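Protein chains get the first letters and strands the later ones, always in sequence-line order, with residue 1 at the start of each. This is a predicted model, so every value here is computed, not measured.
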Protein chains: 2
Amino acid sequence: MTKRRYYTISELTAEFGITTRTLRFYEDEKLLNPERQARKRLYTPRDRTRLKLILRGKRLGFSLAEVREIIEMYDHAPGERGQLEKLQGRIAERQAELEQKQKDILETLEELNQVNVSVQQRLNELK
Amino acid sequence: MTKRRYYTISELTAEFGITTRTLRFYEDEKLLNPERQARKRLYTPRDRTRLKLILRGKRLGFSLAEVREIIEMYDHAPGERGQLEKLQGRIAERQAELEQKQKDILETLEELNQVNVSVQQRLNELK
DNA sequence: AACAATATTGACGTTTACGTAAAATGCGTA
DNA sequence: TACGCATTTTACGTAAACGTCAATATTGTT
C-alpha cells in the first residue's frame, strides 16, 4: 500500500504563499479535490502537484480555464484516434504559445539589459 | 519615401487584433497619448511602439500596472545616484521574474512534449 | 469545562480589463 | 443635400479571481 501523506490547508498556504480562499476557490473550480476528515480538508500529494501546476500556469499568464485545459492534457483518457489527434493539435497550439512567450521574454530581457547598461554608465560618470 | 507619421485607430485595431475600446482604455490609463486632429485620434509611431510593449507584456501575464512600470524604466529621467540605484534594483527584480518564467516555460514545454510522445505511441499502436 | 487556535461555510465586495449600447459629430461621396 | 461610415464621449455592464467579513464548528491544551 502506497504511503499517503496529507497536507493541511495551512501547510499549503504557507508553502506557496497563497490564502485559504484561493485554495477553496480552486476546489470550487474542480481544480483540486482534497479528501475530508470530518469537515477538514486533507490535501493529497496529487492535490499539491496540481496546485504547483496551477501556480506555474498563473505565473505564465494563463487563466484558470487555460490551466485547466493544460492539466487535463496531462491526465487525459486513452481515447480513440480522433480524440488523440485533436489532443495533439491542442498540444501543438500550447507549445506555439509558449514559444511566443519565450521570444517575448528574450526581447524584454535584452531591453532591460540595455537600460541597465545605460544606467550603469551614468552611475560611473557620477563618480 | 515618406514614412507615415500617424496611424488611425482602426489601423491599429486591425494590425494588432484589438478593439477601439482597448486603445481608449490604454489612453485613459496614460499608457498611450495620441495627438488629435479635431476630435480624431492620431497615433504616432511612439504610440504604436508602446502599444507593442503593452501587448507583449500582457502576453507574458503582466498586469497593466506592471507593464507601466516596465515601460517607465525604458524612458526614465536621468536622475541622481539614489534614483539610479533604485532603478537598477527594480530592473534586477523584473529580470529575475522573467527568468522564472523562462524556467516555467521550459518545464511546461517538456511536459507537453512527454504527453505528445505518449499520445503518438498510442496512435501508432492503433494502426 | 473553558479557551485559544484552526477550519468551515456562506455571501457580499473589490479590482482589473475591458464589453457593449446609446447618442452625437465629422467627412467623403452619391 | 442627404447619406453612410468612422469616430467620439458617456456610462452602465461583465467575467475572472480572489478579498473580506461573519457566524459556526472542531481540536488540542490548560
- Note on the structure: Heavy-atom closest pair (A:Tyr6 atom, A:Glu11 atom, distance to 0.1 Å) is O-OE1, 3.9 Å

- Query: If each of B:Ala65 and A:Arg36 is mapped to the nucleotide of DNA chain C with the nearest heavy atom, which maps nearer the 5' terminus, i.e. the 5' end?
  - Reply: A:Arg36

- Message: OP1 or OP2 of D:dT9 versus the side-chain N and O atoms of B:Arg39: is any pair under 4.0 Å?
- Response: no

- Message: Give me the atom names and distance for the closest heavy-atom approach of B:Lys101 to A:Arg59.
- Response: NZ-O, 2.7 Å

- Can you tell me how far P of C:dT16 sits from CD1 of B:Ile54, to the nearest Å? 16 Å

Protein and nucleotides 4-6 of chain C: nitrogen or oxygen contacts under 3.5 angstrom:
none

- Gap between atoms CD and P, on B:Glu27 and D:dT10 respectively (whole Å): 12 Å

- Message: Rounded to whole Å, please give me the gap between CD in A:Glu29 and P in D:dC18.
- Response: 10 Å

Distances for protein N/O vs nucleotides 18-22 of chain C N/O pairs under 3.5 angstrom?
| from | atom 1 | to | atom 2 | distance (Å) |
| --- | --- | --- | --- | --- |
| C:dC18 | OP2 | B:Tyr26 | OH | 2.6 |
| C:dC18 | OP2 | B:Lys58 | NZ | 3.3 |
| C:dC18 | N4 | B:Arg21 | NH2 | 3.4 |
| C:dG19 | OP2 | B:Thr19 | OG1 | 2.7 |
| C:dG19 | N7 | B:Arg21 | NE | 3.2 |
| C:dG19 | O6 | B:Arg21 | NE | 3.4 |
| C:dG19 | O6 | B:Arg21 | NH2 | 3.2 |
| C:dT20 | O4 | B:Arg21 | NE | 3.1 |

- Message: I'd like to know if the side chain of B:Lys58 and the backbone of B:Ser63 have a donor-acceptor N/O pair within less than 3.5 Å.
- Response: no

- Item | Euclidean distance, atom CZ of residue B:Arg24 to atom P of D:dT10 [Å, nearest integer] | 12 Å

- Query: In whole angstrom, what separates B:Glu11's CD from D:dT7's P?
  - Reply: 9 Å

- Task: Take the protein atom CG of B:Leu12 and the nucleotide atom C1' of D:dT7, then report the distance between them rounded to whole Å.
- Result: 14 Å

- Do side-chain atoms of B:Glu107 reach the backbone of B:Asp104 as a donor and acceptor pair under 3.5 angstrom? no

- Taking atom CD of A:Glu93 and atom CZ of A:Arg90, what is their separation to the nearest 0.5 Å? 8.0 Å

- Message: Please say yes or no: joined through hydrophobic side-chain contacts below 4.5 Å, possibly via intermediate residues, are A:Tyr26 and A:Tyr74 part of one cluster?
- Response: yes

- Note on the structure: In B:Thr22, B:Asp28, B:Thr20, the residue satisfying side chain to side chain donor-acceptor pair (under 3.5 Å) with B:Arg24 is B:Thr20

- Item | Atom-pair distance (OH on B:Tyr43; P on D:dA6), nearest Å | 16 Å

- Heavy-atom pair of closest approach, residues A:Arg81 and B:Leu126: N-CD1, 3.7 Å

- Task: Grab the CD-P distance between B:Gln37 and D:dT7 for me, whole Å please.
- Result: 12 Å

- Query: Is the side chain of B:Asp47 donor-acceptor paired with the backbone N or O of B:Asn33 at a distance under 3.5 Å, no angle test?
  - Reply: yes

- How would you label the contact of B:Arg41 with the nucleic acid (heavy atoms, under 4.0 Å): base, sugar-phosphate, or nothing? sugar-phosphate

